[in-house]
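In what follows, a structure is listed as structure tokens, so that the remarks can point back to it.
All values below were derived from every heavy atom in this structure, side-chain atoms included, with hydrogens, water molecules and symmetry-related copies excluded.
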Amino acid sequence: MAKAGAKSRRPGTPGRAVEATEATIDLDDPRLQTEAAQALADAARELFVRNGFSATSVSDITERVGMSVGSLYYHYGSKTNVYLAIWLKYQRSQEARSRETVLAVRAAGVTNGLRLFLAGTRAYLLGAWEHRDVVRMAADGDTPPGFGLRMRRINQDWFRQNSALLRENFNLSEDDDALGVRAMVAIVTDAMGGICREVAACATREEAEELVARGIDVFARLANAPAKTLY
């Protein structure tokens, strides 16, 4: 659960405390499953998108839903943890969306790792449109201290998952030094954040779908494969 007021010191900067964002929120904690917790998160989400993280206060959030400041601290422990809960819930839904898509494509008889990789990537990018407000929430960089580290960890997990799918395509073992696969996955992983932001900025779903299709086409060309045969 949220650890209110948790602090950590940045290595090499004695005396400079920053709010810890690692392992401070558990989305499965019962306190986060209540209607009150959801109402606080919904209010915070709207305010973070509109005003940014720094300009939104705890009282702004609680006043919006007619609750006390203490209620937010009881459920989340801090404003940072509300932000993290919103983002991690989005990320969890994105991972589930990609995973379910890959499983469905597998069940249809597809075994090619590249096709599975692009199918999961496409699902992830379309999810950015479905949750475009959350993507925009983090796009301007007005995020809690340490949020960048959290994002890098998420990207590393994405890198590992995609590397495994592409190894299937090239029949590689875990010990093979497949530089082409590593390069492609690194490029796609680094590009995902930018493409998600562009998808979230689209005016219509049709525009977002076309942008995603163009992105998948670029990724397919990196692998020297026609996109239309891959998803």
Side-chain angles (χ1 to χ4, degrees), residues 27 45 48-49 83-108 110-143 147-170 180-231:
L27 293 182
R45 179 170 171 166
F48 289 151
V49 172
Y83 190 102
L84 285 179
I86 295 167
W87 180 263
L88 292 175
K89 186 175 181 180
Y90 157 72
Q91 191 62 39
R92 176 181 283 186
S93 72
Q94 285 285 75
E95 291 170 356
R97 184 187 186 107
S98 296
R99 182 170 58 253
E100 289 164 7
T101 298
V102 170
L103 289 174
V105 174
R106 273 191 202 273
V110 174
T111 58
N112 180 279
L114 183 60
R115 292 183 65 184
L116 295 171
F117 165 68
L118 290 179
T121 299
R122 181 174 182 270
Y124 190 100
L125 292 173
L126 289 173
W129 166 257
E130 300 293 343
H131 302 280
R132 52 196 177 277
D133 60 331
V134 180
V135 176
R136 291 197 295 263
M137 182 182 81
D140 64 0
D142 182 12
T143 60
F147 185 72
L149 175 60
R150 172 79 70 171
M151 287 298 297
R152 286 193 294 275
R153 295 280 175 82
I154 290 172
N155 286 342
Q156 288 168 359
D157 289 341
W158 179 261
F159 183 97
R160 284 191 291 270
Q161 293 167 15
N162 288 337
S163 294
L165 285 176
L166 289 180
R167 283 193 185 94
E168 293 179 23
N169 183 60
F170 292 101
V181 172
R182 289 168 56 191
M184 180 179 175
V185 175
I187 291 169
V188 173
T189 301
D190 285 346
M192 288 295 285
I195 299 178
C196 283
R197 288 191 292 272
E198 291 300 319
V199 169
C202 287
T204 64
R205 181 179 179 85
E206 290 73 21
E207 182 184 353
E209 289 177 345
E210 179 61 23
L211 180 59
V212 170
R214 298 290 183 90
I216 294 297
D217 184 60
V218 171
F219 296 154
R221 280 190 234 164
L222 285 173
N224 295 315
K228 291 183 179 180
T229 69
L230 293 170
Y231 66 92

**Request:** State, yes or no, whether a side-chain contact exists between M192 and L125 at a heavy-atom distance under 4.5 Å.
**Result:** yes

**Prompt:** What residues, two or more places apart in sequence or in another chain, satisfy side chain to side chain contact (heavy atoms under 4.5 Å, CB included) together with V105?
**Reply:** T101, V110, L116, A119

**Complete:** Closest heavy-atom pair, C196 versus V135, reported as atoms and distance to 0.1 Å, is O-CG1, 3.7 Å

**Request:** Check side chain to side chain contact (heavy atoms under 4.5 Å, CB included) between R132 and all other residues, then give those that pass, not counting sequence neighbours.
**Result:** W129, R136, A200

**Item:** Partner set under salt bridge (Lys or Arg N to Asp or Glu O under 4.0 Å) for E100, not counting sequence neighbours
**Value:** none

**Asked** Within a strict 4.5 Å, meaning less than it, do heavy atoms of the K89 and V134 side chains meet?
**Response** no

**Asked** Does A201 have any side chain to side chain contact (heavy atoms under 4.5 Å, CB included) partners at least two apart in sequence or in another chain, and if so, which?
**Response** none

**Request:** Drop me the distance from F48's CZ to D133's CG, to the nearest 0.5 angstrom.
**Result:** 12.5 Å

**Message:** Nearest 0.5 Å, please: how far is CH2 in W87 from CZ in R45?
**Reply:** 11.0 Å

**Item:** Residues that E207 engages under side chain to side chain donor-acceptor pair (under 3.5 Å), provided they are two or more places apart
**Value:** none

**Request:** Identify the heavy atoms of Q94 and G127 that sit nearest to each other, and give their distance.
**Result:** OE1-CA, 3.1 Å

**Asked** Do Y83 and F147 have their ring centres less than 6.0 Å from each other?
**Response** yes

**Request:** Answer whether the closest heavy-atom distance between the side chains of L126 and R122 falls below 4.5 Å.
**Result:** yes

**Prompt:** Is S98 reaching over with its side chain to a backbone N or O of E95, donor-acceptor style, under 3.5 angstrom?
**Reply:** no

**Item:** Test side chain to side chain donor-acceptor pair (under 3.5 Å) applied to R97 - qualifying residues, sequence neighbours left out
**Value:** none

**Message:** Which heavy atom of L118 sits nearest to which heavy atom of A220, and what is that distance?
**Reply:** CD1-CB, 4.1 Å

**Item:** Euclidean distance, E198 CD relative to I195 CD1, rounded to 0.5 Å
**Value:** 9.0 Å

**Complete:** Heavy-atom nearest pair, L211 first then C202, reads CD2-SG, 3.8 Å

**Heavy-atom pair of closest approach, residues T121 and I216** = CG2-CD1, 4.1 Å

**Request:** Supply the atom-to-atom distance L88 CG to R92 CZ, rounded to the nearest 0.5 angstrom.
**Result:** 8.5 Å

**Message:** How close do M137 and V49 get, counting heavy atoms only, and between which atoms?
**Reply:** CB-CG2, 3.9 Å

